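Okay, structure first, notes after.
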Amino acid sequence: MKNIVFLLLVFTVLVGCKNDSKSSDETTLNQLNVYTHRHYDSDKQLFEMFEKETGIKVNVINSKADELIQKMVLEGEQSPADVLITVDAGRLHMAKEKGLLQPVKNTAVIDSILSPNLVDKDYEWIALTKRARILVYAKDRIDPTELSSYEDLVLPKWEGKLLFRSSSNIYNQSLMASIVANDGEDIAKKWAQGMVKNQARKPKGNDRDQVKAIAAGEGDIAIVNTYYVGKMLNSNDRVELEAADKVGVFFPNQKDRGTHINISGIGIAKHSPNPEAANQLIHFLLNEEAQKVFALSNYEYPVNPSVENSEILKAWGDFKEDSLHLNLLGELNKKAVILFDEAGWK
Ligand SMILES: [Fe+2]
């Protein structure tokens, strides 16, 4: 009899444990923790659409990009992160190098939608949207037929006219990496030196500040990402709106490799508690409906070629993109930073 009671007890405990772990599994399977540094309405809308379609609850953990990566490092195997969404291929590469990501599944679907240069070679990150790093110029002072390429910005005629942000910014580091990849180290270093020589002021501020500086007459030509110009042209802030109205948009390097392209992208966390749902989210964000939301609300270029650009981007016209594999932006990041330092680009 004692033995039977003992067995019953063991059985009850075991069944209890099993039920506990099952219920916690079910909770895990019904939620997805998204570590993201994007803070746009478009993303909020997309997560709501995903919740409705799948019944999987999306928990958004928002922070600065480098802080999110640091958080994942510190959390290690215990990290609740399922996916990491961030901007710039250089930064996604950094997350991969730190061993924070795992390959995405159903790569055939990804290959059928995305052009190969927008996907990590090991499928540890993929692009969600594209942005071009373009030139904007003072419409009343610059004849755009005088502009041509990033490389030609070092010509003596542009002395004292260029505006750009600091070399500590990842967008500029990736642009520099693309110049190293396309032109070689020597030319890239000379280019950076020439840019510094032609600068209108010491690098400061963000992309929008460069546009405002043109409007204020501090310089005539700036390097910025396309979506900032789109946002400023539709801003509720009068200063931003008026500044954006004063600049023209120019896509450099159309006669050779094309304009430098970067992305915002997504990867599945190495220790994701719910990799199935993470894969589901990735495929959801690439479908036409989701890509339309990205295209219409944030002035970014969709990565799904079946989706049209927003009206503003259409008005700027089609352009040739540099098809350099974006893995190179990450691989050459350290080199880019060193060359910037050597060239004195602050
Ligand atoms: Fe940005």
Side-chain angles (χ1 to χ4, degrees), residues 34-46 60-70 83-95 118 125-136 150 163-178 203-214 222-237 239-241 243-244 247 249 251-252 259-267 285 291 293-303 309-310 312-313 316 321-322 326 329-330 333 336-337 340:
V34 175
Y35 280 30
T36 178
H37 126 249
R38 287 174 54 105
H39 39 77
Y40 310 129
D41 294 342
S42 53
D43 297 39
K44 209 174 148 228
Q45 191 186 336
L46 286 166
V60 174
I61 293 92
N62 229 285
S63 190
K64 284 186 186 156
D66 295 327
E67 285 173 14
L68 285 174
I69 289 176
Q70 193 52 26
V83 297
L84 172 69
I85 297 179
T86 189
V87 297
D88 205 289
R91 192 177 275 125
L92 286 157
H93 179 86
M94 209 184 294
L118 305 178
W125 53 258
I126 61 156
L128 292 175
T129 64
K130 289 184 288 186
R131 51 277 296 279
R133 198 139 181 82
I134 53 162
L135 307 182
V136 292
Y150 302 109
L163 292 156
F164 41 80
R165 64 197 285 181
S166 147
S167 65
S168 63
N169 170 252
I170 190 107
Y171 301 149
N172 277 348
Q173 291 171 5
S174 286
L175 172 62
M176 181 58 158
S178 81
K204 64 172 178 182
N206 57 26
D207 277 20
R208 293 180 208 234
D209 292 326
Q210 313 311 314
V211 178
K212 288 181 199 162
I214 290 182
I223 301 180
V224 297
N225 281 352
T226 34
Y227 66 96
Y228 288 115
V229 186
K231 278 170 175 287
M232 289 177 84
L233 284 169
N234 287 279
S235 176
N236 295 322
D237 177 337
V239 177
E240 284 200 348
L241 192 63
V247 301
V249 158
F251 291 90
T259 299
H260 171 62
I261 287 295
N262 213 316
I263 57 163
S264 67
I266 188 167
L285 292 175
Q291 286 282 305
V293 175
F294 278 133
L296 293 180
S297 54
N298 203 37
Y299 314 104
E300 292 177 277
Y301 292 92
V303 289
N309 292 334
S310 62
I312 276 195
L313 301 194
W316 293 341
E321 299 173 13
D322 184 355
L326 297 189
L329 305 184
N333 178 274
V337 172
F340 269 146

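We count residues from 1, following the sequence as given. All values below come from the heavy atoms of this structure, side chains included, with hydrogens, waters and symmetry mates left out. Computed from a predicted structure; not experimentally measured. Order of listing sets the numbers, starting from 1, for every ligand and every atom in it.
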- Within the side chain of S235, is there an N or O that forms a donor-acceptor pair under 3.5 Å with the backbone of K231? no
- Polar contact flag, side-chain donor to acceptor under 3.5 angstrom, R131-N262: no
- Query: Do E321 side-chain atoms and H260 backbone N/O form a donor-acceptor pair below 3.5 Å?
  - Reply: no
- For residues R165 and N206, report the shortest heavy-atom separation together with the two atoms involved. CZ-CA, 3.7 Å
- Query: Around the Fe ion (ligand 1), how many protein N/O/S atoms fall inside 2.8 Å?
  - Reply: 3
- Message: Is it the case that the side chains of S167 and N172 hold a donor-acceptor pair, with the cut-off being a distance below 3.5 Å and no angle test?
- Response: no
- Message: Could you check whether R38 and S264, counting side-chain N and O atoms only, form a donor-acceptor pair closer than 3.5 Å?
- Response: yes
